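The structure appears right after this line, and notes come after that.
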Amino acid sequence: MGARLHGLRQSSNNYPVNLLLLEGEKLVGHARVSRVLGSRSLFVESVVVQPQLRGKGYGRVLMEGVERYARERGNTRLCLTTHDKQHFYAHIGFVPSRPVQNVGTLASFMPMELLHKFCRTPENEGDGKREKNRKDIAATAAPPPPSAPPLPPPPLLNSSFSFSSSLHLPPPPVSSPPVPPPPPPTSWTPVDQTLEQTPYTDNRGLPIFWMHKDI
């Protein structure tokens, strides 16, 4: 709890941002959001409601406030992860999604321009293709390598040496390459993410669900 209170005191208009849900002057809950690299999306890092107030609809109210905050700043999608609340988020409009790259606290000490260079987006993928094209042009403009010197003429045979014209050797038999053995059977099958199973895990090896909602 001490770390959460410290994060709330450090909140500002710069990302990551802590959003508070208040009832009068009483803190009901809060959510922490950060930017997603290469998109107009926000990543919901955490959603917390006071333990004694859970199950009373405050989580939905808090998420509605997060959506409103994101829309007012031109964002079009919310992304998040959860270990066991995927059914709650599905009930308020979230669907299974692919992992994204959120900025988190890196934005506080590293420029966004530099972070963007480490993110695979259509913009910087285009820059990489243009760089590759420049390298290809430079490679085609390079002069060809020098040709190898001509081979020396074959040595003259002794005139007393002759070949027998009556000896005919049969051509060597042509054998086809051996057929490779079939691959061994495997029981592994790809797993699609649903609300019941996920192929993703967190850094502790626990199953984690990635979800998003277009707003």
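Note that the structure is predicted; figures quoted are calculated from it, not measured. Worth knowing before you read on, the calculation uses all heavy atoms, side chains too, and leaves out hydrogens, waters and symmetry mates. Residue numbers start at 1 and run along the sequence shown.
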Task: Gap separating the OG1 atom of Thr82 from the OH atom of Tyr89, nearest 0.5 angstrom - done: 5.5 Å
- [ ] Return the minimal non-hydrogen interatomic distance between Arg32 and Pro16, and the atom names on each side.
- [x] NH2-CG, 3.1 Å
Task: From Cys79 atom SG to Gln101 atom CD, the distance as rounded to the nearest 0.5 Å - done: 11.5 Å
Could you tabulate the donor-acceptor pairs under 3.5 Å formed by side-chain atoms of residues 195-205, not counting sequence neighbours?
residue: Thr198; atom: OG1; partner: Gln193; partner atom: OE1; Å: 3.4
residue: Thr198; atom: OG1; partner: Tyr200; partner atom: N; Å: 3.1
residue: Thr198; atom: OG1; partner: Ile208; partner atom: O; Å: 2.9
residue: Asp202; atom: OD1; partner: Arg204; partner atom: N; Å: 2.9
residue: Asp202; atom: OD1; partner: Gly205; partner atom: N; Å: 3.0
residue: Asp202; atom: OD1; partner: Leu206; partner atom: N; Å: 2.8
residue: Asp202; atom: OD2; partner: His83; partner atom: NE2; Å: 2.8
residue: Asp202; atom: OD2; partner: Arg204; partner atom: NH2; Å: 3.4

Show me the side-chain donor-acceptor pairs of residues 59-68 shorter than 3.5 Å, one per line, residues at least two apart or across chains.
residue: Arg60; atom: NH2; partner: His91; partner atom: NE2; Å: 3.4
residue: Glu67; atom: OE1; partner: Lys213; partner atom: NZ; Å: 3.3
residue: Glu67; atom: OE2; partner: Lys213; partner atom: NZ; Å: 2.7

Task: Rounded distance [0.5 Å steps], CD in Glu45 versus OG1 in Thr81 - done: 9.0 Å
TODO: Drop me the distance from Asn18's CG to Leu20's CG, to the nearest 0.5 angstrom.
DONE: 7.0 Å
- [ ] Determine whether His212 and Val95 make a side-chain contact, defined as any pair of heavy atoms from C-beta on separated by less than 4.5 Å.
- [x] yes
Open item on the list: Give me the atom names and distance for the closest heavy-atom approach of Arg98 to Trp210.
Closed with: O-CE3, 4.1 Å
Task: Non-hydrogen atoms of Met211 and Ala90 that approach each other most closely - done: CE-N, 4.0 Å
Task: Positive for side-chain contact (heavy atoms from CB on, under 4.5 Å) with Tyr15, one of Leu42, Asn102, Val103 - done: Leu42
- [ ] Taking all non-hydrogen atoms of both residues into account, name the closest pair between Tyr58 and Leu21 and its distance.
- [x] O-CD2, 3.7 Å
Task: Heavy-atom closest contact (Val17 atom, Tyr69 atom, distance) - done: CG2-OH, 3.6 Å
Open item on the list: Contact between Leu22 and Leu27 at the side-chain level, heavy atoms closer than 4.5 Å - yes or no?
Closed with: yes
Task: Asp84 to Gln86 - nearest heavy-atom pair and separation - done: C-OE1, 3.2 Å
Task: Pair Val47-Phe88, side chain to side chain contact (heavy atoms under 4.5 Å, CB included): steps then yes or no - done: CA-CA 12 Å; Val47 178; Phe88 164 73; 6.0 Å; no
TODO: Check whether more than 12 heavy atoms from other residues, nucleotides or ligands sit under 6.0 Å from atom CZ of Arg40, and answer yes or no.
DONE: no
